[in-house]
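Report on the following structure.
In this text, all values refer to a predicted model and were calculated from it rather than measured experimentally.
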Amino acid sequence: INAEYMGVVPFATQSYGSSRDPPEKQFPICTLKNFPNAIEHTIQWARDLFEGLFNQAPQEANSYLTTRPAFLAQLEKEPGTKAATLEAVHDLLVKHRPQTFSDCIHWARTIFEEHFNNQIQQLLYNFPLDSVTSSGERFWSGPK
């Protein structure tokens with residue numbers, strides 16, 4: 001986690017918006033999703049999850065609702081993400097669209113259950129605590 005400050009004097013120094021922060025280190029998706037072994041991995045995983053759930057998907061749904069022809073035309077230019085984007089929009093606007101506050105709570109609980117129980121249980125099923133690698137080392141030790 002970075003903490004920085006920048007003193008800005010109007011008309012005397014460059015503004016905050018005039019400078020660029022150095023790019024943040026990127027982590028492999030498989031490490032973030034399945035085998036985070038450093039605090040930086042878990043922080044990035046949480047950021048990515050939050051971005052997808054509460055920023056990217058809602059923006060795509062809003063874009064679909066407000067500028068449907070332009071939205072669909074843009075999707076045609078991105079065939080690799082078209083299906084996933086349309087599925088996310090469908091999930092938000094049809095499949096999981098909350099009608100009541102109780103629906104919102106149910107959605108939140110389902111998301112929590114998927115990410116903090118089901119996926120962990122699946123990993124433990126695929127790689128039990130006593131699993132060993134082909135070299136004989138314990139699977140659940142050290143970075144992957």
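When all heavy atoms are compared, the tightest approach of F71 to S63 is CD1-OG, 3.4 Å. Of all the heavy atoms in P58 and L53, the pair that sits closest is CD-O, 3.4 Å.
The main-chain N or O of E137 is found under 3.5 Å from a side-chain atom of T133 such that the two form a donor-acceptor pair. With hydrogens and angles ignored, the 3.5 Å screen pairs a side-chain donor or acceptor of T110 with a backbone N or O of H106. The backbone N or O of D103 lies less than 3.5 Å from a partner atom in the side chain of T100, making a donor-acceptor pair. Distance alone, capped at 3.5 Å, places no donor-acceptor pair between the H115 side chain and the F112 backbone.
The hydrophobic clustering, which links ILVMFWY residues whose side-chain heavy atoms are closer than 4.5 Å, places F54 and L49 together. With hydrophobic clusters built from ILVMFWY side chains whose heavy atoms lie under 4.5 angstrom apart, Y125 does not share a cluster with V132.
Judged by the 6.0 Å distance and 45° axis criteria, R68 is positioned over the aromatic ring of Y64.
Rounding to the nearest 0.5 Å gives a distance of 13.0 Å between NE2 of H96 and SG of C104. Expressed to the nearest 0.5 Å, how far CG of D91 lies from CH2 of W107 amounts to 10.5 Å.
Residues Q122 and N118 bring no donor and acceptor atom of their side chains to less than 3.5 Å of each other. Residues Q44 and E40 have side chains that never bring a donor and an acceptor to within less than 3.5 angstrom of each other.
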Item to complete: Please test E51 against N55 for side-chain hydrogen bond (donor to acceptor under 3.5 Å, both in side chains), starting from the C-alpha separation and ending with a verdict.
Response: CA-CA 5 Å; E51 172 73 16; N55 188 21; 2.9 Å; yes
Between E78 and K82, is the salt bridge (charged side-chain N to carboxylate O under 4.0 Å, His left out) condition met? List the steps. CA-CA 6 Å; E78 302 167 6; K82 181 179 178 181; over 6 Å; no
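Between F116 and W45, the distance separating the two ring centers is shorter than 6.0 angstrom.
Under the 30°/60° scheme for interplanar angles, the aromatic rings of F139 and F127 are found to lie parallel.
Residues E76 and Q74 are not in side-chain contact: their nearest non-hydrogen atoms beyond the backbone lie 4.5 Å or more apart.
Applying side-chain contact (heavy atoms from CB on, under 4.5 Å) to E60 and the options L65, V89, L93 leaves one that passes, V89.
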